[in-house]
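Shown next, in structure tokens, is the structure this report addresses.
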Amino acid sequence: MALRLVTWNVNSVRARIDHALRLIDALRPDILCLQEIKVEDAAFPGRPFVDAGLPHIALAGQKGYHGVAVLSRLPLADTARVDWGSKGEARHVSVAVDGHLRLHNLYIPAGGDVPDVAENPKFAEKLAYFDNAAAWFADGLKNDGALPAILVGDLNVAPLPSDVWSHKQLLRVVSHTPVEVEKLEILQAAGGWCDVMRHVVPAPAPLFTWWSYRARDWRKAARGRRLDHVWVSPGLIPHIRHMEVFDVARDWPRPSDHAPVVVDFDLDL
DNA sequence: ATGGTTGTGTGACAA
């Protein structure tokens with residue numbers, strides 16, 4: 001029996017509800033994690049997801065910006081939201097899936113345009129967000145100790161040279177600067193996380209999940225970055241059966257600028 | 001080098 005997990009920065013769940021339903025129809029996920037839902041909890045369009053076979057919903061929403069959601073075929077419990085920032089933004093939701101595993105869904109701050117903490121408060125906030133999240137995940141009890149765990153989301157950092165279209169040209173571009181990569185690596189080590197995408201597609205093969213809107217033809221421009229990630233606790237690594245970036249969705253009319261990431265596990269839940 | 005697009009909610013922001 002397989003567990004199919006999909007994570008996707010939808011860039012407004014209300015603007016792209018038809019895309020989300022088309023995605024569910026195409027991929028039949030057991031669990032769908034969304035980021036940038038851009039809606040407060042009370043206005044979340046839950047009914048279409050219930051009708052599409054994902055009736056268990058955990059939300060951390062806010063009006064207009066950010067926000068994350070977990071939509072599941074399997075029962076969810078122990079919903080928790082942690083703010084590792086300082087502005088009360090909705091960037092994390094965590095659930096226990098059917099009592100068998102702990103799932104964290106994150107939308108890490110993008111960090112603005114200028115990669116300098118003195119000039120750009122948003123960049124400082126992004127780095128601090130990583131520090132606070134790393135400190136939190138370093139505490140094994142908060143991470144449910146022995147329970148298998150999965151962390152997904154838009155982490156807004158492309159760590160490896162092959163995670164961007166040009167390592168050299170992006171070294172001073174926010175999302176690929178050495179200081180951001182270091183913070184991401186510290187967070188990964190703090191939680192003992194393993195990178196599922198690079199387990200399946202090892203570097204230096206290019207692997208991207210995001211392509212800017214600011215190109216007439218995103219495939220032709222060929223300027224992607226791997227901003228979205230799936231991390232697991234080490235015990236889940238032998239249970240990985242499949243991973244793909246579903247970039248077909250980037251070709252749909254009025255798409256999100258992110259493509260969904262699909263992972264199949266052989267877990268009996 | 002620069003500008004290029006989108007969503008929210010109706011004017012700038014954020015990305």
Protein-nucleotide distance ([X], atom [atom1]; [N], atom [atom2]), rounded to Å:
X: A/R214; N: B/dG3; atom1: CZ; atom2: P; answer: 11 Å
X: A/W210; N: B/dA14; atom1: CH2; atom2: P; answer: 17 Å
X: A/E89; N: B/dA14; atom1: CD; atom2: P; answer: 10 Å
X: A/E36; N: B/dT8; atom1: CD; atom2: P; answer: 10 Å
X: A/D113; N: B/dG4; atom1: CG; atom2: P; answer: 15 Å
X: A/Q62; N: B/dC13; atom1: CD; atom2: P; answer: 17 Å
X: A/I108; N: B/dA14; atom1: CD1; atom2: P; answer: 19 Å
X: A/H176; N: B/dA15; atom1: NE2; atom2: P; answer: 20 Å

For [X], which contact category applies under a 4.0 Å heavy-atom criterion: base, sugar-phosphate, or nothing?
X: A/A215; result: nothing
X: A/R216; result: nothing
X: A/R16; result: sugar-phosphate

For [X] versus [Y], what's the shortest heavy-atom pair and its separation?
X: A/N11; Y: A/R16; value: O-NH2, 2.7 Å
X: A/A134; Y: A/A190; value: O-CB, 3.4 Å
X: A/M243; Y: A/V261; value: SD-CG1, 4.1 Å
X: A/N156; Y: A/K126; value: O-NZ, 2.7 Å

Write down the distance separating the [atom1] atoms in [N] and [M], rounded off to the nearest Å.
N: B/dG7; M: B/dT2; atom1: C1'; result: 24 Å
N: B/dA1; M: B/dT6; atom1: C1'; result: 24 Å
N: B/dG4; M: B/dA15; atom1: C1'; result: 14 Å
N: B/dG9; M: B/dG3; atom1: P; result: 28 Å

Legend entry - Selected nucleotide, minimal atom distance to A/A15 side chain, candidates B/dG9, B/dG7, B/dA15: B/dG7
Inset, instruction - Compare the minimum distances between each of B/dT5, B/dA15, B/dC13 and the side chain of A/Y213, then state the nucleotide with the smallest one. - result: B/dT5
Inset, instruction - Classify the ring geometry between A/H167 and A/H176 as parallel (under 30°), tilted (30 to 60°) or perpendicular (over 60°). - result: perpendicular
Legend entry - Any A/K63 side-chain N or O less than 4.0 Å from OP1/OP2 of B/dT8: no
Inset, instruction - Verify the contact: side-chain N or O of A/R223 to OP1 or OP2 of B/dG4, cut-off strictly under 4.0 Å; return yes or no. - result: no
Legend entry - Most 5' of A/I37 and A/N156 on DNA chain B, judged by nearest nucleotide: A/I37
Inset, instruction - Tell me which of A/H258 and A/K38 sits closer to the 5' end of DNA chain B, going by the nucleotide each one is nearest to. - result: A/K38
Inset, instruction - Report yes if the distance between the aromatic ring centroids of A/H104 and A/W136 is under 6.0 Å, otherwise no. - result: yes
